[in-house]
Amino acid sequence: MKALQKTAPGVGNVELRDVAEPTAGHGQVVLEVGYTGICGTDLHIYLDEYRCVPPVTLGHETAGTIDEVGPGVSGWSVGDRVTTETYFHTCGRCVHCLTGAPNLCPERRSIGTHVDGGFARRLLVPAHRLHRVPEGLDLRAAAMSEPLACCIHGLIDLAQIRPGDTVVVSGPGPIGLLCLQVARAAGARTVLCGVDGDELRLEIGRAVGAAHAVNVQRESLTALLDELTGGQGPEVAVEAAGAAASLRQCLEVVRRGGTVVQVGLYGRPVEVDINLVPMKQLRLVGTFAHVPWAWDRALELMASGRVLTAPLVSDVAPLDAWEAKFEALRQKRDCKVLLTPLG
Ligand SMILES: [Zn+2]
Ligand SMILES: [Zn+2]
């Protein structure tokens with residue numbers, strides 16, 4: 001079968017090539033992939049800014065249909081519609097595994113970085129990492145459950161957003177647009193920020209419920225926030241751009257005693273004035289990947305219509321269009337692109 005692989009370390013070295021089809025071993029299933037989203041992480045891997053173990057098939061935001069059930073698997077049948085957590089292997093014994101945080105397991109090996117991922121027709125995964133797609137939710141939406149689960153973990157579990165909070169989301173890419181909707185579903189008032197070139201994404205932000213969507217190069221964010229919060233600043237600022245200027249802005253605008261959530265990745269060290277963290281007594285919260293219980297909430301938020309994903313999906317393209325789509329995403333001409341092996 002054709003699979004989009006990182007073939008060797010270094011910049012580039014990504015190609016669509018023929019690989020052997022997987023078969024399900026003990027406790028495993030093979031999915032017929034429906035859709036797999038292109039993530040910022042995939043772009044970082046292309047640019048050699050995120051660690052992976054080549055040769056490996058990329059793609060970790062997948063939904064599909066069970067095609068083969070291995071021995072020792074119960075509760076799943078061929079034809080079931082599912083999404084999958086990205087953890088192919090965790091140790092099951094460390095303090096993180098034992099406290100429900102497999103994202104922090106030092107032995108964690110994930111699909112799309114360490115083992116073959118979803119940019120292919122068939123995907124091998126452990127059955128205990130599957131989640132059933134609710135009736136009425138399509139596979140395109142279900143493919144967004146991984147990034148949505150990441151946002152839920154960061155904003156609800158870690159930043160602990162409360163009803164009535166004002167939340168600034170800096171960076172209107174797919175992750176920012178999902179964070180925005182999670183904050184809104186949690187009862188917060190939301191302000192989405194972008195820069196020149198983000199017009200399409202800010203417009204999508206308005207369409208999915210941002211109370212305000214601001215190009216900070218054209219309008220004063222500080223003036224808007226002062227007006228909304230009586231000069232106090234927002235309780236929470238979410239850095240979802242992966243840009244140093246965005247993090248500086250978050251540290252500056254958040255209120256004293258507030259929380260900055262670091263979601264974005266930079267691919268390299270960045271320079272900010274960390275003095276603001278003690279001087280303003282900020283909580284700087286990092287969040288990495290997702291935890292199992294965030295998935296059920298992700299699927300529920302999408303099934304109930306409180307998080308919309310269709311407006312974020314600017315294109316659905318065949319696997320062999322990957323190169324043009326990586327470039328379009330890099331240039332922000334697309335928002336979220338799903339690749340499909342279905343042709
Ligand atoms: Zn992702
Ligand atoms: Zn572990």
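Values below: all heavy atoms of this structure, side chains included; hydrogens, waters and symmetry mates excluded. Residue indices begin at 1 and follow the sequence shown. Remember, it's 1-based here, ligands and their atoms both numbered in the order they're listed. Bear in mind the structure is a predicted one, so any value in this text is a computation, not a measurement.
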In Å and rounded to the nearest 0.5 Å, what is the CD1 to CG distance from Ile152 to Asp157? 8.5 Å

From the Zn ion (ligand 1), how many protein N/O/S atoms are found at a distance short of 2.8 Å? 3

Parallel, tilted or perpendicular: which one describes the rings of Tyr46 and Trp322, with boundaries at 30° and 60°? tilted

Distance, nearest 0.5 Å, that separates CG of Leu224 from OG1 of Thr229: 9.0 Å

Under 3.5 Å: donor-acceptor pair, side chain of Glu227, backbone of Gly230: no

Out of His290, Arg108, Glu146, which one pairs with Thr86 under the side-chain hydrogen bond (donor to acceptor under 3.5 Å, both in side chains) rule? His290

Strictly under 2.8 Å, is any N, O or S atom of Cys105 next to the Zn ion (ligand 2)? yes

Run the ring-centre check on His60 versus Phe88 and record whether the distance is less than 6.0 Å. no

Donor-acceptor side-chain pairing of Glu61 and Thr36 below 3.5 angstrom: no

So what does the Cys94 SG - the Zn ion (ligand 2) - Cys97 SG angle come to, to 10°? 110°

